Amino acid sequence: MPLGENQTSDEALDGQKPGDKGSGVFAVPDPTSPEQGAFKKVIVSDITYPDCVRRGQNCIVYKWLPKKLSQGTTECPTKGVLCNKSCAHDLCLCINGTCQ
């Protein structure tokens, strides 16, 4: 998996204008965990798609959604479901072949 993999769906970008704001979901390395490959999920609201892409370049994976997400909950409700390049649920990212 390349660093900064963009998992934004084509549907999320349909009809969006360059200045439209939404939310970014980012997986970043977690240096506090002893587990190899550990990450934290961070939600950033009120950002444009180009800003999300810029911020996501040094993340593990990321995606932009054309809506505001709560920053309180980041748990993926379909955790462990097999995936190829992305996950259907807004809070999920495809990491190492499973929704996380």
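These numbers come from the heavy atoms of this one structure, side chains and all, not from hydrogens, waters or symmetry mates. Not measured: the values here are computed from a predicted model.
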Evaluate Val44 against Phe26 for side-chain contact (heavy atoms from CB on, under 4.5 Å), listing each step before the verdict. CA-CA 8 Å; Val44 180; Phe26 303 89; 3.7 Å; yes
How far does CG of Asp20 sit from NZ of Lys67, to the nearest 0.5 angstrom? 14.5 Å
Can you tell if the side chain of Leu69 reaches within under 4.5 Å of the side chain of Asp90, non-hydrogen atoms only? yes
Counting distance only, does the side-chain N/O of Gln7 pair as donor-acceptor with the main-chain N or O of Cys94 below 3.5 Å? yes
So for atom CG, which belongs to Asn84, do other residues, nucleotides or ligands contribute more than 12 heavy atoms lying within a distance under 6.0 Å? no
side-chain contact (heavy atoms from CB on, under 4.5 Å) involving Thr8 - partner list, sequence neighbours excluded: Asn6, Ala12, Leu13, Tyr49, Lys63, Trp64
Would you confirm whether Lys41, through its side chain, and Thr74, through its main-chain N or O, come within 3.5 Å as a donor-acceptor pair? yes
Is it possible for you to say whether Val28 and Val25 belong to one hydrophobic cluster, with membership spreading through side-chain heavy-atom contacts below 4.5 Å? no
Correct closest heavy-atom pair for Ile95 and Cys83 would be N-SG, 4.4 Å
Within the structure provided, determine whether Cys76 and Gln100 are in side-chain contact (heavy-atom separation under 4.5 Å). no
Can you tell me if Asp51 uses its side chain to pair, donor with acceptor, with the backbone of Thr48 under 3.5 Å? no
Close side-chain approach of Phe39 and Pro29, heavy atoms under 4.5 Å: no
Are Cys87 and Cys99 close enough, and set up right, to give a disulfide bond (SG atoms under 2.5 Å apart), and what steps lead you there? CA-CA 6 Å; Cys87 300; Cys99 290; 2.2 Å; yes
Starting at CD of Gln57, measure out to CD of Glu5 and round the result to the nearest 0.5 Å. 14.0 Å
Answer yes if Tyr62 and Val42 sit in the same cluster of Ile, Leu, Val, Met, Phe, Trp and Tyr residues linked by side chain heavy atoms under 4.5 Å apart, and no otherwise. yes
NZ of Lys40 to OG1 of Thr32, rounded to nearest 0.5 Å, is 4.0 Å
Between Cys59 and Ala27, which heavy-atom pair has the shortest distance, and what is it? CB-O, 3.4 Å
What residues, two or more places apart in sequence or in another chain, satisfy side-chain contact (heavy atoms from CB on, under 4.5 Å) together with Ser45? Ser23, Ile43, Lys68, Gln71
